[in-house]
Amino acid sequence: MFICPGHMSSGRAYLCRAWIKLSVIATILISGCIDNTYKAPATSCEEDSLKANTTFAGIRELYKDEVIRITEDLIIEGYVISNDKTGNFYGTLHLQDQPEHPKEGFQVDIDVRDYHLLYPVGKKVLIRLKGMYLGKSRGVFKAGGVFTNAGGTLSVGRLPASQVNEHIFVSCDEPGEIVPEMTTIEALNDEMINTLIQLNNMEISPEDMCQPYAVAGENGTDRVLRDCNEQEIILRNSGYADFQPEILPRGNGTVTAVLGKYNNKYQLIIRDTNDIKLNDGRCGGVVYSCNPPGANATLGYVRAMYQGKAVNISENIKVRATVISDRNFKNTDSLTAVIQDKTSGIVCEFTSEHALDLGDEVELTLLNTTLEEINDLLYIKNIPPENIISAVPGTLPEPESISLSDSLNVYESRLVTIGNIQFETPGVTYSGIQTLTDCTDELKMFTREEAVFAGDTVSSKKGSITGIISKNKNEYHLRIRNPDDIYFTEDYEDCLGGTNLMITEYAEGSGYNKYIEIYNAADVNIDMSGYVLGRDYDGDGNYEYTLNLSGNIAPGEIAVYAHSRAEIFQGEITDTHGSALGFNGNDQVVLMKNNNIIDHMGIPGGENWGVDKTLRRKTDISVPNISYNENEWEEYPQDNISGLGIR
């Protein structure tokens with residue numbers, strides 16, 4: 001039978017193997033039977049004409065911080081410990097100096113596929129280094145070909161297939177047994193790089209439990225191994241390896257691998273899954289199952305697992321719940337979804353964008369995820385999208401009807417409806433924090449700037465609102481899913497019946513000495529956002545000159561507002577304004593809330609009702625008046641501000 005020589009180039013070897021296959025097919029057709037035992041191609045061997053004249057260490061000493069071309073006729077020998085049959089090694093041939101108890105190892109990069117057919121594990125090979133390049137990459141020495149980087153520097157790459165037979169020769173000895181060196185993670189050192197080692201009492205870390213060996217298509221996926229002392233090391237697998245989709249074993253045992261190094265971290269590379277024998281019980285007797293069960297836990301059970309500090313979920317928990325957030329309106333970020341079942345609700349944070357829609361019934365496995373509070377709100381974090389077992393359109397839970405006086409902690413991350421409610425400040429946009437009120441209690445509502453409706457104006461009516469109870473820094477708030485969650489059809493209610501703020505002094509002094517005093521006649525603190533001080537022109541009733549009020553005013557407290565050029569009052573001035581406080585005695589002055597007049601001074605039509613005088617409201621008047629009544633006021637001479645700021 002014809003056998004392809006081992007020193008052929010990869011291209012010629014491919015054609016040779018194809019020719020052999022055609023010959024075999026022809027033989028089958030002629031004879032009707034054949035010995036179907038597969039045999040690796042024979043290789044020509046070198047023994048007497050080629051002798052090693054240096055060591056791996058001697059070669060490494062040639063390196064002086066940059067890639068060099070070896071010009072001396074140097075020859076090294078070693079024993080093959082890597083195997084590319086399963087695809088976990090690609091283009092890297094790893095050697096150690098002796099089959100057992102090696103002192104050092106070496107790496108040669110070659111552009112040859114299926115090199116295990118030419119250089120099987122245990123085979124002694126000799127490498128003529130003259131003309132090859134030597135370099136160091138991320139802590140690992142290697143020899144091979146060369147390529148030029150974008151910046152003009154050189155790096156060691158794969159030795160072209162056409163040159164391999166000029167540099168790599170196999171011994172005539174039969175392959176021997178390579179005995180891995182038993183060691184521990186703590187005992188690893190750089191002298192062991194590119195040698196075959198064995199670690200005992202190893203197991204896959206809980207974070208990587210029930211995951212495949214690698215992510216399909218990735219050049220390398222890092223999984224974490226640890227021993228019973230919780231010392232860890234990286235197991236690096238190719239996303240193109242034959243065993244890529246297999247689930248990592250769940251037990252404890254031995255790992256045999258070639259030791260590598262990447263950015264000062266040791267890593268293990270296995271030849272195939274026979275190098276991992278994790279069949280014993282895990283450290284501490286923990287048992288994992290990677291077969292997703294039926295839903296075996298409620299969200300109430302999951303929430304109860306949290307006891308004040310982050311919890312790594314090591315149980316194979318599966319939940320079934322309904323998505324109550326709406327990703328399409330972007331009031332939750334693209335990594336987050338809120339789910340709810342009959343017992344409770346919770347926020348889920350995925351490691352990448354999800355495709356869960358409002359109303360989807362979703363099944364999730366929570367193994368290796370984390371329970372953690374972020375700003376006092378409980379999350380299930382670190383959920384890979386592959387943990388979504390299924391997601392199908394379902395039925396939304398009926399929102400729980402609550403009032404603002406209820407204890408909101410029991411409704412965290414659940415869908416609720418609140419009736420008889422309104423925005424405290426109509427006319428503002430949704431974006432940020434707005435206050436909802438039922439005229440007795442208040443609740444903040446938060447809307448993300450990125451929400452589709454963030455720039456829309458909130459309703460100026462009252463009614464019912466549906467949303468998700470959330471929490472931030474120990475304060476509960478509501479988050480709606482979209483504007484359809486608001487059903488306001490009733491007239492807006494002035495919660496304080498118009499008795500909240502009132503004008504108690506008007507001073508039309510000399511020059512620019514114009515002052516208005518505002519008094520809080522209510523028994524509660526008042527947020528003045530939404531209140532406006534307005535002035536018309538010569539009594540025309542068009543209050544185009546306005547000052548938006550801000551801040552909080554306590555019960556019985558007074559705020560004084562002045563023209564920006566006023567100068568005779570030496571007390572505390574809350575704010576100044578040139579236009580709104582630019583009245584001259586025939587302009588009407590009003591206090592408005594949510595665009596409605598709640599207190600009024602002056603006579604329409606330009607009559608000089610307030611020229612050159614100070615008007616001070618009688619102390620027995622404790623409610624504002626939408627119609628000016630001069631009997632409510634006491635008159636004082638111009639520039640008499642002795643009572644300004646005093647009630």
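For reference, positions follow the sequence shown, starting with 1.
Residues passing the side chain to side chain contact (heavy atoms under 4.5 Å, CB included) test with S405 are S403, D441, sequence neighbours excluded. With sequence neighbours excluded, no residue forms a salt bridge (charged side-chain N to carboxylate O under 4.0 Å, His left out) with D575. Partners of T332 according to the side chain to side chain contact (heavy atoms under 4.5 Å, CB included) rule, which considers only residues two or more places apart in sequence or in another chain, are S325, R479. With sequence neighbours excluded, no residue forms a side chain to side chain contact (heavy atoms under 4.5 Å, CB included) with I646. Here D376 pairs with nothing under the salt bridge (charged side-chain N to carboxylate O under 4.0 Å, His left out) rule; sequence neighbours left out. Remark: D341 pairs with no residue by the salt bridge (charged side-chain N to carboxylate O under 4.0 Å, His left out) rule, at least two apart or across chains.
Between atom CG of residue L371 and atom CG of residue N312 there is a gap of 9.5 Å, rounded to the nearest 0.5 Å. For the atom pair CD1 of I324 and OG of S413, the computed distance is 7.0 Å after rounding to the nearest 0.5 Å. For the atom pair OG of S401 and CD1 of I418, the computed distance is 10.0 Å after rounding to the nearest 0.5 Å. N375 CG to E475 CD: the interatomic distance, rounded to the nearest 0.5 Å, is 12.0 Å. In this structure, Y301 OH and S344 OG are separated by 14.5 Å, a value rounded to the nearest 0.5 Å. Between the OG1 atom in T614 and the CH2 atom in W633 there is a gap of 11.5 Å [rounded to 0.5 Å].
Annotation: Y628 is in aromatic contact with W609 [ring centroid separation under 6.0 Å].
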Between side-chain atoms of residues 455-462 and protein atoms elsewhere (two or more places apart, or another chain), which donor-acceptor pairs fall under 3.5 Å?
unit_1	atom_1	unit_2	atom_2	d
S459	OG	K461	N	3.1
K462	NZ	N420	OD1	2.7
K462	NZ	E493	OE1	2.8

Would you list the atom pairs, donor with acceptor, under 3.5 Å between side chains in residues 541-563 and any protein atom, with sequence neighbours excluded?
unit_1	atom_1	unit_2	atom_2	d
E557	OE1	A554	N	3.3
H563	ND1	R565	N	3.0
H563	NE2	G578	O	3.3

Between side-chain atoms of residues 380-391 and protein atoms elsewhere (two or more places apart, or another chain), which donor-acceptor pairs fall under 3.5 Å?
unit_1	atom_1	unit_2	atom_2	d
K381	NZ	E349	OE1	2.4
N382	ND2	T370	OG1	3.2
N387	ND2	T365	O	2.8

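Residue pairs that meet the ring pair (Phe, Tyr, Trp, His ring centres under 6.0 Å) test with at least one member in residues 330-373, sequence neighbours left out, are F350-H354. Sorted by first and then second residue, the pairs that involve residues 370-429 and meet ring pair (Phe, Tyr, Trp, His ring centres under 6.0 Å), not counting sequence neighbours, are F423-F488. Screening residues 421-435 for side-chain hydrogen bond (donor to acceptor under 3.5 Å, both in side chains) gives T435-K444 as the qualifying pairs, with residues at least two apart or on separate chains.
Between F569 and Y515, the ring planes lie perpendicular to each other; the angle is over 60°, past the 30° to 60° tilted range. Using a 30° and 60° split on the angle between ring planes, H477 and F446 fall in the perpendicular class, above 60°.
Remark: D360 does not engage R327 in a salt bridge, criterion side-chain N to carboxylate O under 4.0 Å. Taking the charged nitrogens against the carboxylate oxygens, E450 and R448 do have a contact shorter than 4.0 Å, which makes a salt bridge. Electrostatic pairing of R303 and E412 counts as a salt bridge here, judged by a charged N lying under 4.0 Å from a carboxylate O. E634 and K618 are not joined by a salt bridge, as no carboxylate oxygen comes within less than 4.0 angstrom of a charged side-chain nitrogen. Between E508 and K613, no side-chain nitrogen of the basic residue sits less than 4.0 Å from a carboxylate oxygen of the acidic one, so the salt-bridge criterion is not met. Using a 4.0 Å cut-off between charged side-chain N and carboxylate O, E505 and R616 make a salt bridge.
At least one side-chain heavy atom of R647 sits less than 4.5 Å from a side-chain heavy atom of T504.
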| field | salt bridge (Lys or Arg N to Asp or Glu O under 4.0 Å) between R226 and D208, intermediate numbers included | value | CA-CA 11 Å; R226 71 180 188 184; D208 288 326; over 6 Å; no
